[in-house]
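Just below is one structure, and these are the notes that go with it.
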Amino acid sequence: MAERRYDPQEIEPRWQAVWADEHTWEVANRTAEQLKALGRGRGTAGAPGRLTPDTEPDTYVLEMLPYPSGEPHVGHLKNYAVGDAVAHFRRRCGERVMHPMGYDAFGLPAENNAIKTGVQPRVATQASIDSYRRQFHRWGISIDWSREFGTHEPRYYRWTQWIFLRLYERGLAYRKEAAVKWCPKDQTVLANEQVDAEGRCERCGCRVEIRQLEQWFFRITDYAERLLNDLDNIDWPEHVKTMQRNWIGRSEGAEVTFRCEELAIDYPVFTTRPDTLFGATFFVMAPEHPDVLRLAAGTDHEQQVHEYVNHAITETGEERGDLDKPKTGVPLGRTVVNPVNGERIPMYVADYVLMEYGTGAIMAVPAHDERDYAFARAFGVPIRRVIAGENPDGDEQGLPYTGDGPLVNSNPEFDGLDNRRAYAEIVAWLDRQGLGHGSISYRLRDWLVSRQRYWGCPIPIVYCDRCGIVPLSEDELPVELPDIDDYTPKGRSPLAAAEDWVRTTCPGCGEPARRETDTMDTFVDSSWYFLRYCDARNEHAAWDRAAVREWMPVNQYIGGVEHAILHLMYARFFTKALADMDLLDVEEPFASLFTQGMITRGGAKMSSSKGNAVAPSSIVERFGADTARCYVLFIGPPDQDADWSDEGVEGVHRFLGRLWRLSAEVAERAPASEDDRPPGADEAHGPDLALLRKAHWAIDKVGGDLRRFAFNTAIAAVMELLNECYRVRDQAGDATLRFALSSAASILFPFAPHVCADAYQLLNGERVWEVPWPQAEEAFLESDFYELVCQVNGKLRDRVQVATDASLEELKESCRVAPNVRAHVDGREIVKEIVVPGKLVNLVVR
RNA sequence: GCGGCGGUGGCGGAACGGUAGACGCGAGGCCCUCAAAAGGCCUUGUCCGCAAGGGCGUGUGGGUUCGACUCCCACCCGCCGCACCA
């Protein structure tokens, strides 16, 4: 027999050509008639069965679209290997799967690269996209290429602009001057989410400054409550939901008004502890509060306040956020009146109060808040206990006290009440007096979307001296991004230099006007791309509603956990806002989410600067795409981080080679024929029975593992099956071997499509992707005998063969007489016998 | 500080409260070969023992249970997110 060699470099391109030529993975949207005939907008997942295109449920499997930069890395390989396994499995379970691909093509790296090298962002981006597309083909990912687009193409971004205008109409896009975070190196404004805890730009790592600028915002805060509540209705990992909940940061409390009588100004404050209102002994404002300087004007502290504010504002978040730093602040020389008791309490400015949370001013209750306590001790402000703790005697004992207890020193009406009870009563009382009301505060800020950058989606707005801010009309879209020569940021968008482009006429009055020169945050582009895939070639609308209804929500979304907050929150916000405009029928974009872990090497994140990166292309060239894909899934649970090992890759390659070689050998020596079926469960015996059992066990196991994303154990199960094939290759019948190998190829196909398609074709002459997912036969999953585990006092002492249908008594007896059990019972009294049929018997002896 | 996740052989990792260590890597041995590569077969938690078998073993300490990697309580360590959020 001729020696056969597993040659992925021959096998893989051959099958890729078939899939490309036949457009195998493309799915069309259903026609109105088809949808009507089906009596639904979309299907629900059905039981696996024959593939019948007319009644298959529609399924949307999506991986996060890549940002095309250079070449795809191992993280992409893992992301798309996971998604493709899901897509293939669901197809063969009888679903009609849309599995599209696109590119998140606008963004700072391409622009920074342009500044450095002079290569136009458009050119560099296109080169990267071509490289990504080539690799995705080479990996054999089953993509519907008919729906491909890049977010930088006018045919896409005209609809991004269209959505901007819809948001503007609804008051969800607005312009305001705000203290914004500004990156001095990238020369651009950043969203809160793009600044890390140390106050550094997430892109270039340099210190962020504060600037006052007019900027565009999206009113995501209007959706805070729904973004929070609807997390309960989606199948997402708990840690991602937790991150979103933390980011939204909902706090329940009350807004209470303190009045500064000297200047006759009311200051509302937000507090989560209205029950401690009677313990408020001072009042603090954030250094950024617009009234601080005005309040201090004319007092003895004016100079001091000026200096303090100037210093505080230039401090970075890192310096200011340091918890160990002693509290600082300056008196304002003014007082406010505590509305519950009429007391005048002093005002301070201090940097531990943040302008961006609540109202930028707080009532301070040192007895029951650690920060207020620290400040009061540092500044000698009185501390008044208003909730009795465990040791109610000593006033100064156990302060600050943040626990529960009865109110004291408050007001006869409330003293003695449990503080939780008092909370509600005080809020009700404030409400009646018109001094406050129950209130909810969120940490979430509105989304700042303006960027003083070139390589982004232009904002479809013009400024007219007469009409002010004028939105363009739909038929003026797209506002195309002009070509320019100089991308260097100069504190304004590089677009401002394209004078011919900037100068336009006002759509309202026809007078000369100027275009908005900022572009949109690239997160805007990726907040709706999943909708566009549903109807990617529509030239008349962003999408046809029926098409979106057919596919949305995405059944399975897959991507990196690094997008847990930003992208995944923005996409949810867009979906809700568009649903509110009656443009969509879903309120959540991603019904189910899977977040894959990172692949590291030597324990560290792969990066070219560390020199530990593995290029997927080098693995594909050496071992083939099937090996590369299988390996990243075999390495460990896909939601956890995993460390790359070159030896591990070779192991997987050996496994695929073994599968292919034995398949080729069996196919050659025993060509498939109609009447050559493997024996049934009642006729099989010996090695045939063992192998058939193993095959059906693997079929059952891999299906279950795929459903729960346990790809590593699924691949291990096929390895076990293949090991059994080799073990009995000379004893088992050809039909049995062919069945076992076909089954292996069939269930491994979602992970290693090329080699499995090839092996399956050799063995059966059929295309495995056109064959339904196999079903395990119950009769082979059961057996007449099994190995009973015999324990004495919970310790394994022996194993004996028993009949599957043995009675409990028979099982106990089998255990009692097992030689090594007898040795351990050894005359002692058996006080209890635990029987777990199918598993074990445990004898408890004394 | 708050929240989440994790801690199992030399390594990556398996294990509905029921045989701990599947599968793979690495290591050792054998076969094939003139030889090597490739491939095939076997062994491999640890200690004692020629063996049969036994002791010990899932971060630590308790608990529940006939039986705990798994459940409960209290800790230790590591990673991730948020963090002076009133």
Side-chain angles (χ1 to χ4, degrees), chain A residues 3 5-6 197 237-247 249-251 253 269-273 276 280 284 286 317 320-325 327 350-354 356-365 368-372 374-375 441-444 561-562 564-565 597-598 603 631 634-637 639-652 654-655 657-658 661 701 710 712-720 722-723 726-727 729 787-799 819-820 823-824 831-836 838-845:
Chain A
E3 179 72 10
R5 212 172 65 84
Y6 167 52
E238 207 46 52
H239 68 278
V240 175
K241 291 189 184 184
T242 303
M243 278 193 237
Q244 291 217 346
R245 287 192 189 105
N246 289 345
W247 192 259
R250 182 184 195 272
S251 303
V269 300
F270 175 76
T271 176
T272 54
R273 295 297 305 277
T276 64
V284 190
R320 196 167 153 179
D322 184 0
L323 281 135
D324 300 329
K325 192 184 79 163
K327 291 278 176 288
D351 65 4
Y352 81 93
V353 174
L354 309 173
E356 59 268 22
Y357 185 76
T359 63
I362 61 154
M363 67 170 205
V365 183
H368 304 291
D369 180 279
E370 288 178 16
R371 298 152 296 169
D372 296 345
F375 188 90
S441 194
Y442 298 94
R443 206 189 73 99
L444 183 70
V561 73
E562 65 272 18
I565 297 171
M598 219 178 18
Y631 176 65
F634 181 66
I635 189 170
D639 57 334
Q640 284 173 29
D641 290 352
D643 207 58
W644 181 273
S645 138
D646 292 334
E647 294 80 16
V649 180
E650 292 175 35
V652 170
R654 273 197 286 274
F655 158 62
R658 274 158 66 85
R661 277 192 311 272
K701 165 103 176 130
N712 53 333
T713 53
I715 293 167
V718 183
M719 288 173 170
E720 284 193 54
L722 187 64
N723 288 344
Y726 270 83
R727 214 167 286 139
R729 62 195 280 194
E787 202 166 62
L788 181 75
V789 167
C790 303
Q791 297 181 333
V792 177
N793 285 346
K795 279 193 196 301
L796 171 72
R797 292 306 178 193
D798 217 331
R799 299 164 222 247
N820 203 38
H824 280 85
V831 295
K832 200 168 178 183
E833 293 169 322
I834 316 280
V835 185
V836 184
K839 290 269 185 200
L840 57 80
V841 172
N842 183 18
L843 304 181
V844 186
V845 303

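Chain naming here is simple, since letters A, B, ... match the order of the sequence lines and numbering starts at 1 in each. Side chains included, hydrogens not; waters and symmetry mates left out as well; all remaining heavy atoms used.
Following rounding to the nearest Å, A:Ile834 (CD1) and B:G17 (P) show an atom-to-atom distance of 18 Å. With rounding to whole Å, A:Phe655 atom CZ is found 9 Å from B:G24 atom P. Computed from coordinates, the A:Arg273 CZ to B:C84 P distance equals 20 Å when rounded to whole Å. Nucleotide B:G81 holds its C1' atom 16 Å from the CG atom of A:Asp639, rounded to whole Å.
Between the C1' atoms of B:C56 and B:U64, the separation comes to 24 Å (whole Å). The gap from the C1' atom of B:C50 to that of B:C11 amounts to 32 Å, rounded to the nearest Å.
Side-chain nitrogen and oxygen atoms of A:Arg654 include at least one within less than 4.0 Å of the OP1 or OP2 phosphate oxygen of B:G26. Here A:Arg658 does not reach the OP1 or OP2 of B:C23: none of its side-chain N or O atoms lies under 4.0 Å away. The phosphate of B:G54 has OP1 or OP2 within less than 4.0 Å of a side-chain N or O from A:Asn820. For the OP1/OP2 pair of B:A83 and a distance below 4.0 Å, the side-chain nitrogens and oxygens of A:Arg443 include at least one atom meeting the criterion.
Salt-bridge annotation for A:Arg245 and A:Glu238: present, with a side-chain N of the basic residue lying under 4.0 Å from a carboxylate O of the acidic one.
Between B:C66, B:C41, B:G18, one nucleotide has an atom nearer to the side chain of A:Lys839 than all others, and that is B:G18. Nearest to the side-chain atoms of A:Thr713 among the listed nucleotides B:A14, B:C66, B:C85 stands B:A14. Residue A:Glu647 places its side chain closer to B:C25 than to any other of B:A15, B:C25, B:G40.
Among the atoms of the strands shown, base atoms are found under 4.0 Å from some heavy atom of A:Asn842.
Toward the 5' end of RNA chain B, the nearer of the two residues A:Leu354 and A:Asn712, judged by each one's closest nucleotide, is A:Asn712. Mapping A:Met719 and A:Tyr726 onto RNA chain B by nearest heavy atom places A:Met719 closer to the 5' end of the strand.
Relative to the six-membered ring of A:Phe375, A:Lys327 misses at least one condition, a distance below 6.0 Å or an angle of at most 45° to the axis.
Below 30°, between 30° and 60°, or above 60°: for A:Tyr631 and A:Trp644 the angle between ring planes is above 60°, a perpendicular geometry.
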Just by protein heavy atoms under 4.0 Å, how would nucleotides 2-12 of chain B read 5' to 3' in B, S and -? -SS-------B

Kindly express the pairing pattern of RNA chain B in dot-bracket notation, using | wherever a base pairs with another strand and counting only Watson-Crick or G-U pairs under 3.5 Å. (((((((..(((.....[....)))((((((.......))))))((((....))))..(((((..]....))))))))))))....

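Counting non-hydrogen atoms of neighbouring residues, nucleotides and ligands closer than 6.0 angstrom, the CD atom of A:Glu562 exceeds 12 such neighbours.
Side-chain contact, A:Asn723 with A:Arg658: a donor N or O sits under 3.5 Å from an acceptor N or O.
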Protein N or O to nucleotides 55-59 of chain B N or O, pairs below 3.5 Å:
residue, atom, partner, partner atom, Å
B:G55, OP1, A:Arg797, NH2, 3.3
B:G55, OP2, A:Arg797, NH1, 3.3

